[in-house]
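Some notes on the structure that comes next.
The structure displayed is predicted, hence computed values, not measured ones.
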Amino acid sequence: MEVTNQKTKYLYNIDFVRFVLIMIIVYCHCIGTVPPITESGQEFIQMLTQKSSMAMPVALCSFFMMSGFFLYNSFLRKPDLETKDFVFKRILRLWPLLLFSFIVLLIAGRFNRMCILDIFFINAGLGLVNSGSNNPACWFICVLLVLSAFFYFIIKNFGEKYAGFFCSISAFLGYAILNSTFSVGMLYKDPVPCIPFLTMGMLLGLANISLGILVGMLVKELPNINLKLPGKLIATVLEISIFAYIGISILMQTSKITMPIYWEFYFVILFIMFVYNQGYFSKLLNNKFSKSLGACSYAIFIMQFPTIRIMNKYFSQPLSQLDTLTTFACTLACLVVGVIVHLLVENNVNKLINRKLKHD
């Protein structure tokens, strides 16, 4: 992750956070997808499902917020870039792996007619169609692309002052609605109660991308700091404490964590501290290995459901003694497939696209 006008140019610690969020989402999707065949295995999966009911929406909201932050920084790096060019580059970044995931589904016999719409970024998460494809992860990509284009247009054409005002209203209203209507049982394609044409997926995106842009504007105005040893120790304690508190709260399903504004408040604090990169914990994560993990994140995310579908089709009868490990095996498989696809497909496609753009 490259950041402009920030305390450090390359924030590999943010790449690590991005990887963790992706793996939380993948883990939650893997729960129960490879059926256990013993009673003990079923009880184990039920326990995991209950414990993870809040983890995925927390990760999704945080990921949207990070996307808003880096969208704003993309504008700062190239303020002269037109909206259509911004959208074109986003499509070039997202579309090749999106198409590849559906090629895998087609080969595996899991391709349906809704997959064709997803290839063109039309998904139930936008509220434009009723059914989803066999790669449900696409709803996030579709919402992210549409809202990124929308907010970039606002910043580009109305200026940062009016964009900040618009994002403030969007974030405030978005979180107000989320806190009054949010339920862990609601899906991305479910309509928001009493608000026609607005899905939960779009509401999550609107509220959190707005918040991310506001965080980007805030960090831009904050002064640079260079803490001495006592300050670095205090920052380290705060980083570890907040990181641990968020994780424990999600795991233990505390009542307060069910309020979206509550968990995002703590995540924003942790995120800003990682951007400043003053504590030893954030510095420890700011390394090239974290960069590599972050680089694989999109491939892991987009390939998780093709991997899950194939495992569910061909490996639905695991050995009884391995019942309780099927969720972890599925998560590990998604990780391995994502890394392989990143190295063999995504990297090569990106190099080809970059050479073509430079040649043109």
*If Ile, Leu, Val, Met, Phe, Trp and Tyr residues are connected whenever their side-chain heavy atoms lie under 4.5 Å apart, and connections chain through other members, are Ile103 and Leu343 in the same group?*
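Yes; Leu343 is reachable from Ile103 via cluster members.
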Val341-Leu99 co-clustered via ILVMFWY side chain contacts under 4.5 Å
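Yes: a chain of side-chain contacts under 4.5 Å links Val341 to Leu99.
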Give a yes or no on whether the backbone of [Y] and the side-chain of [X] come within a donor-acceptor separation of less than 3.5 Å.
X	Y	value
Trp95	Ile119	yes
Asn112	Ser133	no
His342	Ala295	yes
Gln278	Leu227	yes
Thr199	Gly125	yes
Arg90	Leu145	no

State the [atom1]-[atom2] distance between [X] and [Y], to the nearest 0.5 angstrom.
X	Y	atom1	atom2	value
Met303	Ile308	CE	CD1	11.0 Å
Leu71	Leu144	CG	CG	8.5 Å
Leu11	Ser290	CG	OG	11.5 Å
Leu147	Ile209	CG	CD1	4.5 Å
Leu76	Phe70	CG	CZ	12.0 Å
Asp118	Asn134	CG	CG	10.0 Å

Working for salt bridge (charged side-chain N to carboxylate O under 4.0 Å, His left out), residues Arg93 and Glu346: CA-CA 9 Å; Arg93 170 73 179 91; Glu346 186 177 22; 2.6 Å; yes
Checklist entry - If you draw a 6.0 Å radius around NZ in Lys89, do more than 12 non-hydrogen atoms from other residues or ligands fall strictly inside? => result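 For Lys89, atom NZ is not crowded (no more than 12 foreign heavy atoms under 6.0 Å).
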For the residue pair [X] and [Y], what are the closest heavy atoms and their distance?
X	Y	value
Cys138	Ile302	SG-CD1, 4.5 Å
Gly294	Phe19	N-CB, 4.4 Å
Tyr298	Leu94	OH-O, 2.6 Å
Val339	Cys296	CG2-SG, 4.1 Å
Phe69	Val215	CD1-CG1, 3.9 Å
Val104	Pro306	CG1-CB, 4.0 Å

- Sort and list the pairs that fulfil ring-ring contact (aromatic ring centres under 6.0 Å, His included) and have at least one residue in residues 192-243, not counting sequence neighbours.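 Counting only pairs at least two positions apart or across chains, the ring-ring contact (aromatic ring centres under 6.0 Å, His included) contacts touching residues 192-243 are Phe243-Phe281.
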request  = Report the C-alpha distance between Phe86 and Leu81 in whole Å, list the side-chain angles of each, state the deciding distance to 0.1 Å, and finish with yes or no for side-chain contact (heavy atoms from CB on, under 4.5 Å).
outcome  = CA-CA 7 Å; Phe86 170 81; Leu81 186 67; 4.0 Å; yes
For this session: Output all residues satisfying side chain to side chain donor-acceptor pair (under 3.5 Å) with Ser282, sequence neighbours left out; order by chain, then residue number.
Result: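 Listed in chain order: Glu239, Asn277.
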Side chain to side chain, Ile22 and Phe63, heavy atoms closer than 4.5 Å: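 The answer is yes; the side chains approach within 4.5 Å.
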Self-check item: Close side-chain approach of Val20 to Phe16, heavy-atom, < 4.5 Å
Solution: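 Val20 reaches Phe16 side chain to side chain.
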Connected-component partners of Leu229 among ILVMFWY, side-chain separation under 4.5 Å:
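Cluster partners of Leu229: Leu233, Tyr280.
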Mind checking who shares a hydrophobic cluster with Leu173, ILVMFWY linked at side-chain heavy-atom distances under 4.5 Å?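 Leu173 shares its hydrophobic cluster with Phe165, Ile169, Phe172.
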Ring centres under 6.0 angstrom apart (Phe150, Phe166)
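Phe150 vs Phe166: aromatic centres under 6.0 Å.
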How would you list, by chain and number, every residue that makes a side chain to side chain contact (heavy atoms under 4.5 Å, CB included) with Ser292, sequence neighbours excluded?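 For Ser292, no residue satisfies side chain to side chain contact (heavy atoms under 4.5 Å, CB included) once neighbours in sequence are set aside.
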Checklist entry - With sequence neighbours left out, what residues match Phe301 under ring pair (Phe, Tyr, Trp, His ring centres under 6.0 Å)? => result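 Expected list: Phe140.
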**OP:** List the steps, then state whether side-chain contact (heavy atoms from CB on, under 4.5 Å) holds for Phe64 with Leu211.
**Re:** CA-CA 9 Å; Phe64 271 129; Leu211 178 62; over 6 Å; no
Q. Please walk me through it: do Cys334 and Tyr27 pass side-chain contact (heavy atoms from CB on, under 4.5 Å)?
A. CA-CA 9 Å; Cys334 292; Tyr27 166 76; over 6 Å; no
Report task. Please determine which of Ile242, Val237, Leu238, Thr236 meets the side-chain contact (heavy atoms from CB on, under 4.5 Å) test together with Ile240. Result ->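 One option only clears the test, and that one is Thr236.
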Practice problem: Ignoring hydrogens and angles, state whether a donor on the side chain of Asn135 or Ser101 is under 3.5 Å from an acceptor on the partner side chain. | Solution: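 A pair is found: one side chain offers a donor N or O, the other an acceptor, under 3.5 Å apart.
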task = State, without any angle test, whether Tyr188 and Asn123 hold a side-chain donor-acceptor pair at a distance under 3.5 Å.
result =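 Tyr188 vs Asn123: no donor-acceptor pair found between side chains.
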Between Tyr12 and Leu293, does a side-chain contact (heavy atoms from CB on, under 4.5 Å) hold up when you go through it step by step?
CA-CA 9 Å; Tyr12 300 149; Leu293 292 178; over 6 Å; no
